[in-house]
Amino acid sequence: MFDTSLRPGRPIPGLGFFPEKPYAKAPRDEGDMTMLDLKLVQKHPELVREALARRASSLDIAEFTALDDRRRELLQESEALKAERNKASGDIAKAKREGGEATELLARMATVSDRIKVLEAELSTIEEAETAWLMSVPNIPHQSVPLGQSEHDNPVLRTWGDIPAFNFEPKEHWELGAALGGLDFERAAKITGSRFAVSLGWAARLERALASFMLDVQTREHGYVEVLPPYIVNSASLTGTSQLPKFADDLFKLAGTDYYLIPTAEVPLTNMHRDETLTEDDLPITYCALTPCFRSEAGSYGKDTKGLIRQHQFHKVELVRFEHPERSWEALDLLTRHAEVILQRLGLPYRVITLCTGDMGFGSAKTYDIEVWLPGQQKFREISSCTNFEDFQARRAGIRFKSKQSKKSALVHTLNGSGLAVGRTLVAVLENYQQADGSLVIPEVLRPYLHGEEHVILPV
RNA sequence: GGAGAGGUAGCGAAGUGGCCGUAACGCGCCCGACUCGAAAUCGGGUUACGGGCUUAUCCCCCGUACGUGGGUUCAAAUCCCACCCUCUCCGCCA
């Protein structure tokens, strides 16, 4: 079975946020570091500062604590006034019922109410600033994450399969796909623009077969519940999974609406349980979905301009897990294995790398990337990214669970990973299964999905 | 797109300015009594979040929340405005 010897150490309690209720309690850690996540900032600024430094974040913690001190001040004054007003309200009601007058009280309450309005106006300004600050703080990397500046510092965790030796010069997938009449980039550019592709005939069928195969393995063998979610989501969902507010430029927004095309099924799947309190027995909840993904690819001009590697639209089978905080680290290992199985069955060589602190995603506590070997490029290329967010997304999205004993609610841990990116898998199949005569052999596991087809032959 | 109805605890639902929001009433759920055990019946309990206090996730005190956001008022579930969602009917549509 799987090698489960990988066991990251103790997690650091997450630092995160939350759109509507930014001051929720953090889940209990195994140790004694029970505290509000804000208190993590307040009581252990050195821990947070160090974590931010590791991610090259320039956020100023003093700025935050100043805001928070002011917030408490305002809150306490306005709450005291509200208590007074509530009490006076009862007295006024009583006086009126008894036919009396309460002119003096009414006058004082008018002043009190005005003061409350002033306080609350300032309070909401402060809270806005505080939330903005919190929203821009990346997650704290797990202590097992290697330090590093960029993708060049990501250590290889393991490799699988042998790099194939070709007795001819292997072609790149776009060349092969075009030659075999399955990929048409020129017409896609006419229909839409650059970074789009038309698949036709065998290529379209092969991609559909790959997607079906992936879904079957994940649902039947790994127990994920198949979901067909909306491909369009609102800004609250994107905030929950942390694409917003910081990464709006990477998204396609529908003009005149609050709607966006999904950049990944992670967004609808994770937001399935936004603002819900689950029961402990519900966990883990595991979903998978095949969806198109839409990305603007802003800032990647000139990269991978040819072929299917970097498209504005691609299909992906995504895996999402909602886990008990005590089990999320073994779940990350499991999730990664679930993605790897697909490549193993397809006979595609790959390696797993651990993203270093400088290369991790914004909300990630730890990420493993799976990279498949592409003979045409003579390179390993990312085909899956498996991440444990710990409570980072759960805090923003308000996803809790109630434990039976303590009756207290805590934040769940969320994880996701591609299982796999379908378009890139097609690329890998093309490049790894190409033959000297320019034809393509269909991987055995896909043949049942293709009515037994074994080859794609070069058209005469 | 047009017309109408609605959104209050886990669910159903009452409440139309203060005496009703730890929210009536019913269901569910938890504990107890009765019972050999169960059902039925009877009694009790059962929102979340924030602030303060605190070693503390207990207790206690205070605040907030009736779809969302504004407004009127000393006081809003209740009155006014805008928006969102659900349902019914009509039109249109794959």
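Letters go in sequence order (proteins before strands), and every chain restarts at 1. Because the structure is a prediction, the values reported are computed rather than measured.
- B/C83 and B/A40: their P atoms are spaced 50 Å apart (whole Å).
- Separating the CG atom of A/Asp275 from the C1' atom of B/A48 is a distance of 12 Å, rounded to the nearest angstrom.
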**Study point:** Letter per nucleotide, 5' to 3', of nucleotides 68-73 of chain B [B base touched, S only sugar-phosphate touched, - untouched; heavy atoms, 4.0 Å]
**Key:** ----S-
Exercise for review: I would like to know whether A/Val341 and A/His222 meet side-chain contact (heavy atoms from CB on, under 4.5 Å); could you show each step before the answer?
Suggested key: CA-CA 10 Å; A/Val341 164; A/His222 300 153; 4.1 Å; yes
N/O donor-acceptor pairs under 3.5 Å from side chains in residues 246-257 of chain A, not counting sequence neighbours:
unit_1, atom_1, unit_2, atom_2, d
A/Thr257, OG1, A/Leu254, O, 2.8
A/Thr257, OG1, A/Tyr259, N, 3.0

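- Atom pair A/Asp258:CG and B/C85:C1' shows a separation of 14 Å (rounding to whole Å applied).
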Review point. Given A/Val422 and A/Leu290, is the side-chain contact (heavy atoms from CB on, under 4.5 Å) satisfied, shown in steps?
Key: CA-CA 9 Å; A/Val422 183; A/Leu290 165 68; 4.1 Å; yes
Exercise for review: Decide side chain to side chain donor-acceptor pair (under 3.5 Å) for A/Asp282 and A/Thr279; before the verdict, give the C-alpha distance in whole Å, the side-chain angles of both, and the deciding distance to 0.1 Å.
Suggested key: CA-CA 5 Å; A/Asp282 293 333; A/Thr279 68; 3.2 Å; yes
Review point. After noting the C-alpha distance and the side-chain angles of A/Asn234 and A/Ser237, does the key distance pass the side chain to side chain donor-acceptor pair (under 3.5 Å) rule?
Key: CA-CA 6 Å; A/Asn234 58 34; A/Ser237 290; 3.3 Å; yes
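- Computed from coordinates, the A/Glu73 CD to B/G51 C1' distance equals 14 Å when rounded to whole Å.
- Summary of the strand contacts: A/Met109 and A/Lys94 both lie near RNA chain B, and taking for each the nucleotide with the nearest heavy atom, the more 5' one is attributed to A/Lys94.
- Proximity of A/Arg400 to the phosphate of B/A48: no side-chain N or O atom is located under 4.0 Å from OP1 or OP2.
- Of the P atoms belonging to B/A94 and B/C87, the separation is 22 Å, rounded to the nearest Å.
- For B/C53 and B/C61, the C1' atoms lie 8 Å apart once the distance is rounded to whole Å.
- With rounding to whole Å, A/Glu276 atom CD is found 12 Å from B/G10 atom P.
- Under the side-chain hydrogen bond (donor to acceptor under 3.5 Å, both in side chains) test applied with A/Tyr287, the options A/His273, A/Glu318, A/Arg321 reduce to a single match, A/His273.
- Between the CG atom of A/Leu74 and the C1' atom of B/G52 there is a distance of 16 Å, given to the nearest Å.
- Atom CG in A/Leu106 sits roughly 10 Å away from atom P in B/A75 (whole-Å rounding).
- Under the 3.5 Å distance criterion, with hydrogens and angles disregarded, no donor-acceptor pair is assigned to the side chains of A/Asn139 and A/Ser364.
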Pairs under 3.5 angstrom, nitrogen or oxygen only, protein versus nucleotides 62-67 of chain B, please.
unit_1, atom_1, unit_2, atom_2, d
B/G63, OP1, A/Asn86, ND2, 3.0
B/U64, OP2, A/Asn86, ND2, 3.4

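- Across B/U46 and B/G51, the matching C1' atoms stand 25 Å from one another, rounded to whole Å.
- One C1' atom belongs to B/C19, the other to B/G2, and the distance between them is 45 Å to the nearest Å.
- More than 12 heavy atoms of other residues, nucleotides or ligands sit less than 6.0 Å from atom CZ of A/Arg447.
- To the nearest whole angstrom, the two C1' atoms, one in B/G12 and one in B/G4, are 23 Å apart.
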Review point. Taking it one step at a time, do A/Arg115 and A/Glu84 satisfy salt bridge (Lys or Arg N to Asp or Glu O under 4.0 Å)?
Key: CA-CA 12 Å; A/Arg115 177 68 184 152; A/Glu84 186 186 344; over 6 Å; no
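- When rounded to the nearest whole Å, the span between CD of A/Gln76 and P of B/C61 equals 18 Å.
- Taking all atoms of both residues into account, the shortest heavy-atom contact from A/Pro229 to A/Pro268 is CB-CB, 3.6 Å.
- Residue A/Ile92 is classed as a base contact, given a heavy-atom separation below 4.0 Å to a base.
- Only the P atoms considered, B/G67 is 10 Å distant from B/A77, to the nearest whole Å.
- Residues forming a salt bridge (charged side-chain N to carboxylate O under 4.0 Å, His left out) with A/Glu122 (at least two apart in sequence, or on another chain): A/Arg70.
- Here A/Ser113 lies in heavy-atom contact (under 4.0 Å) with sugar-phosphate atoms only.
- Partners of A/Arg205 according to the salt bridge (charged side-chain N to carboxylate O under 4.0 Å, His left out) rule, which considers only residues two or more places apart in sequence or in another chain, are A/Glu453.
- Side-chain proximity of A/Ala93 to B/G18, B/C74, B/G51: nearest is B/G18.
- Counting only heavy atoms from C-beta on, A/Ser409 has its side chain closest to B/C49 among B/C49, B/G18, B/G51.
- B/U47 sits 15 Å from B/C30 when the C1' atoms are compared, rounded to a whole Å.
- Counting only Watson-Crick or G-U wobble pairs whose defining distances are both under 3.5 Å, the stems of 3 or more consecutive pairs in RNA chain B are B:1-7 with B:84-90, B:10-12 with B:25-27, B:28-33 with B:41-46, B:47-52 with B:60-65, B:67-71 with B:79-83.
- Rounded to whole Å, atom C1' of B/G51 lies 14 Å from atom CG of A/Leu81.
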Point to revise | Stepwise side chain to side chain donor-acceptor pair (under 3.5 Å) test for A/Thr414 and A/Gln393 | key: CA-CA 7 Å; A/Thr414 59; A/Gln393 293 182 325; 2.8 Å; yes
